[in-house]
Trainee: 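Take this structure first; my questions come after.
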Amino acid sequence: MTIRDRYAPSPTGLQHIGGVRTALFNYLFAQSQKGAFLLRLEDTDRTRFDAAFVQNLYDTFTWLGFYWSEGPDRGGPVGPYIQSERLGLYQKHAQALVEKGRAYYCFCSTARLDALREEQAKTHAEETGYDRHCRGLSPSQGAARLAAGEAPVIRLKIPLGETTRFTDALLGSVEWKNDAITPDPVLLKSDGFPTYHLANVVDDHLMGISHVLRAQEWLPSTPLHVIMYQLFGWDHPVFCHLPMVMGQDGKKLSKRHGATSIDEFRRAGYLPEALINYVALLGASYEEGKDLYTLEELCSRFSLDKLSKAPAVFDYKKLGWYNGQYIRMKTDEALAALALPYGVEAGLFGCPGTAPDAAQHRAFSAAMGLIKERVSVLKEIPDKIRYLFAEPPLPPVSEFIPKKRDLPQTIDLLSICRNLVEPLEALSDTQAEAFIKDQAEKAGVKVGDLMMPLRVALTGARVSPPLFGTIRILGTTRSLERIDRALAALQA
Ligand code: GLU
Ligand code: ZN
């Protein structure tokens, strides 16, 4: 059997981490089984539909870099892959159930249903929802009212007094008393649009879906779906409900916890490789002791028995760690290309929005080597290297003075450094280290004491990216200017 699975988002919001996890698991499962992964747009909720969300869906996956092999944008043998283009199919199938006596027309007005709901709320009724008022209408009564121009909905006739069972690939056997399912849910609305349940089941069947991997919040809908498959006379796909994604407080991951849309993560400077790697671990584990996986490695390792039943906890810190790892794997040039837009936006090269000139561009690329080990998202980069582009504000004099030293000694130390800058510019890190050690010995001072005033003079702070690299990027002239400015301040 060829495995076919799908991601079936409703374009009613930005793509978020939970949706992407569902899509990724479906992708990985299909890849691992040499099957097909489909995209289907479930866009029948027209009140919440927005074309911008469809665009966001495409942008998100283009950026993440994994795709479906069949979908609205690339076609395929079982299209169209957009539900609003398949209305005729749903109508036909709802009609077929009516003809089999498995569904029926309901002519109840909104006013009647509203009154019913109010009454149930008032009396704290044990059974809520539709009261199956029209379930007993005969086909001829229905036909007559249809002919008279009434616009009914079609409801599923749930077989009462039975229990529905299915085996979830992760959760095992699931049982649901039919009487506890929402009473006779609507399949087709009076405007001819299907509900989620009808469209989802009809499409999974017609599209040959063998496996439904979806978030656990859909589990309560599944007994209803299984009943529909039975009433249609179809086999149902294998269901596998994925563990929930929680915040660290154990509540469902939401905006309260931090970024949730891929757009936000992307803007903050997370890399797609890191997000994919981290999201692939939300509810699954692969190899003991291995954290970093490429998409290819995940494809070959994924299987349903690697899934865990326990909810996955989304840990922003851990994601940051993964992102840092992937930042470190980039060459300076590749990282510079990714980080440049953040530098431009942060006004590193003039006003915000100003592009770098050639010299600034070179400095920016060179600076990547200095900060690679020190950042976890791209957005942190500009502030870490701003001092390379604009003279940093002069810190108070006390910042220059090493521990147990005084101002005159600090002036001496910085004066010694002034003569070391030019030779330093030409040296590699290892050479520079040996050179400074030697010079410190000659001057009878500690290396740390020698470096501290120099660091503050050049970078404006006691803690900064590596100093030798800084000197190579700033160059002798600019370094000397900063030292002189500092000396003037210390001597004032
Ligand atoms: N349209 C549903 C959603 O937004 C699909 C759920 C399912 O996979 O069946 O998630
Ligand atoms: Zn009714």
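Atoms considered below: every heavy atom in the structure, side chains included; atoms not considered: hydrogens, waters and symmetry mates. Ligands are counted one by one from 1 in listed order, and the atoms in each one are counted from 1 as well. This chain uses plain numbering: 1 for the first residue, then up along the sequence.
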Trainee: For atom 4 (O) of ligand 1, what's the nearest protein heavy-atom neighbour? Residue, atom name and distance, please.
Mentor: Ser10 OG, 3.3 Å
Trainee: Take every heavy atom of Tyr196, measure it against each atom of ligand 1, and state whether any distance is under 4.0 Å.
Mentor: yes
Trainee: For atom 8 (O) of ligand 1, what is the nearest protein heavy atom, given as residue, atom name and distance?
Mentor: Arg6 NH1, 2.6 Å
Trainee: Give the residue and atom name of whichever protein heavy atom lies nearest to atom 10 (O) of ligand 1, and the separation in Å to one decimal.
Mentor: Trp218 CZ2, 3.4 Å
Trainee: For Phe61 together with Phe66, are the ring centres under 6.0 Å from each other?
Mentor: yes
Trainee: Evaluating non-hydrogen atoms only, which member of Gly19, Ser221, Pro9, Ala8 is closest to atom 2 (C) of ligand 1?
Mentor: Ala8
Trainee: Under the 6.0 Å and 45° cation-pi test, does Lys290 pair with Tyr286?
Mentor: no
Trainee: Can you confirm whether the side chains of Asp291 and Trp321 place a donor and an acceptor under 3.5 Å from each other?
Mentor: no
Trainee: Return yes when at least one N/O/S atom of His133 is nearer than 2.8 Å to the Zn ion (ligand 2), and no when none is.
Mentor: no
Trainee: Regarding Arg214 and His241, do their side chains bring together a donor and an acceptor under 3.5 Å, going by distance alone?
Mentor: yes
Trainee: How wide is the angle at the Zn ion (ligand 2) between SG in Cys106 and SG in Cys108, to the nearest 10°?
Mentor: 110°
Trainee: Output the list of atoms in ligand 1 that are nearer than 4.0 Å to some heavy atom of Glu42, sorted by atom number.
Mentor: 1 (N), 2 (C), 5 (C)
Trainee: Regarding Asp184 and Tyr104, is there a side-chain donor-to-acceptor distance under 3.5 Å anywhere?
Mentor: yes
Trainee: Can you tell me which portion of Asn200 lies within the under-4.0 Å heavy-atom range of ligand 1? Options are side chain, backbone, both, or neither.
Mentor: side chain
Trainee: Just one of Tyr196, Phe166, Trp176, Trp234 clears the ring pair (Phe, Tyr, Trp, His ring centres under 6.0 Å) bar with His225, so which one?
Mentor: Tyr196
Trainee: In terms of atom number and element, which parts of ligand 1 are under 4.0 angstrom from non-hydrogen atoms of Arg214?
Mentor: 7 (C), 8 (O), 9 (O)
Trainee: Under the ring-ring contact (aromatic ring centres under 6.0 Å, His included) rule, what do Phe37 and Phe29 come out as? Steps first, then yes or no, please.
Mentor: CA-CA 8 Å; Phe37 167 54; Phe29 182 57; over 10 Å; no
